[in-house]
Amino acid sequence: MGLLSACRAAWSLRLTARELEVAMRAVRGAANREIGEELNVSVRTVEVHLGRIFTKLDVRSRVELTVLAHRTDQHV
C-alpha cells in the first residue's frame with residue numbers, strides 16, 4: 001500500500017472528504033495556492049481546512065502532518 005493510500009485509509013474516518021483531499025495534497029508538498037487551484041477553492045479555504053486537519057490529527061504544521069503520514073504508512 002502506498003503512502004497516500006495508507007493515509008486515506010487511516011484518516012478517512014477522522015476527516016471529511018474535502019479535508020482528506022487537502023491533506024493528501026499538503027503531504028505531497030503542494031502549496032496552499034496550488035491546492036486551491038486544483039480544488040477550485042480560495043487559499044483562505046485551504047488554510048481553514050488545514051487548521052481543521054491539524055486539530056483533528058493533533059499536529060501543528062505541514063511538517064508534522066507529513067511525518068504522521070509516513071508513520072501511518074509504516075503501521076498499515
Side-chain angles (χ1 to χ4, degrees):
M1 184 177 279
L3 173 63
L4 295 182
S5 297
C7 289
R8 261 185 207 286
W11 296 350
S12 65
L13 297 176
R14 297 170 82 181
L15 303 177
T16 67
R18 182 58 92 181
E19 289 168 347
L20 192 56
E21 290 303 314
V22 170
M24 296 300 93
R25 284 169 169 80
V27 166
R28 284 190 317 218
N32 289 358
R33 183 176 304 272
E34 292 174 77
I35 296 170
E37 288 172 0
E38 289 175 12
L39 299 178
N40 200 29
V41 298
S42 71
V43 172
R44 179 67 184 134
T45 299
V46 173
E47 292 168 352
V48 169
H49 283 309
L50 284 171
R52 290 180 181 153
I53 291 162
F54 293 170
T55 299
K56 289 180 178 183
L57 298 180
D58 196 28
V59 298
R60 292 179 297 253
S61 68
R62 286 170 164 266
V63 172
E64 287 185 15
L65 181 66
T66 302
V67 168
L68 179 62
H70 286 280
R71 286 185 181 155
T72 300
D73 184 45
Q74 293 173 354
H75 291 94
V76 173

Apply side-chain hydrogen bond (donor to acceptor under 3.5 Å, both in side chains) to Glu37 and list each qualifying residue two or more places apart in sequence or on a separate chain.
none
For residues 61-70, which residue pairs qualify under salt bridge (Lys or Arg N to Asp or Glu O under 4.0 Å), counting only residues two or more places apart or in two chains?
Arg60-Glu64
Which atoms form the tightest heavy-atom contact between Ser12 and Ala9, and what is the distance?
OG-O, 3.3 Å
Salt bridge (Lys or Arg N to Asp or Glu O under 4.0 Å) against Glu34, all qualifying residues, sequence neighbours excluded:
none
Gap between atom NE2 of His49 and atom CG of Leu20 - 0.5 Å precision:
11.5 Å
4.5 Å side-chain heavy-atom contact, Arg25 and Leu39
yes
Going by atom type alone, with no hydrogens or angles, which donor-acceptor pairs under 3.5 Å involve a side-chain atom of residues 50-57 and a protein atom two or more places apart or on another chain?
from: Thr55; atom 1: OG1; to: Gly51; atom 2: O; distance (Å): 3.1
from: Lys56; atom 1: NZ; to: Glu19; atom 2: OE1; distance (Å): 2.8
from: Lys56; atom 1: NZ; to: Glu19; atom 2: OE2; distance (Å): 3.3

What is the minimum heavy-atom distance between Ala26 and Leu65, and which atoms define it?
CB-CD2, 4.1 Å
For Ser42, give me all partners under side-chain hydrogen bond (donor to acceptor under 3.5 Å, both in side chains), at least two apart in sequence or on another chain.
Thr45
Tell me every residue that passes salt bridge (Lys or Arg N to Asp or Glu O under 4.0 Å) with Arg28, counting only those two or more places apart in sequence or in another chain.
Glu38
Salt bridge (charged side-chain N to carboxylate O under 4.0 Å, His left out) evaluation trace for Glu21 with Arg18:
CA-CA 5 Å; Glu21 290 303 314; Arg18 182 58 92 181; over 6 Å; no
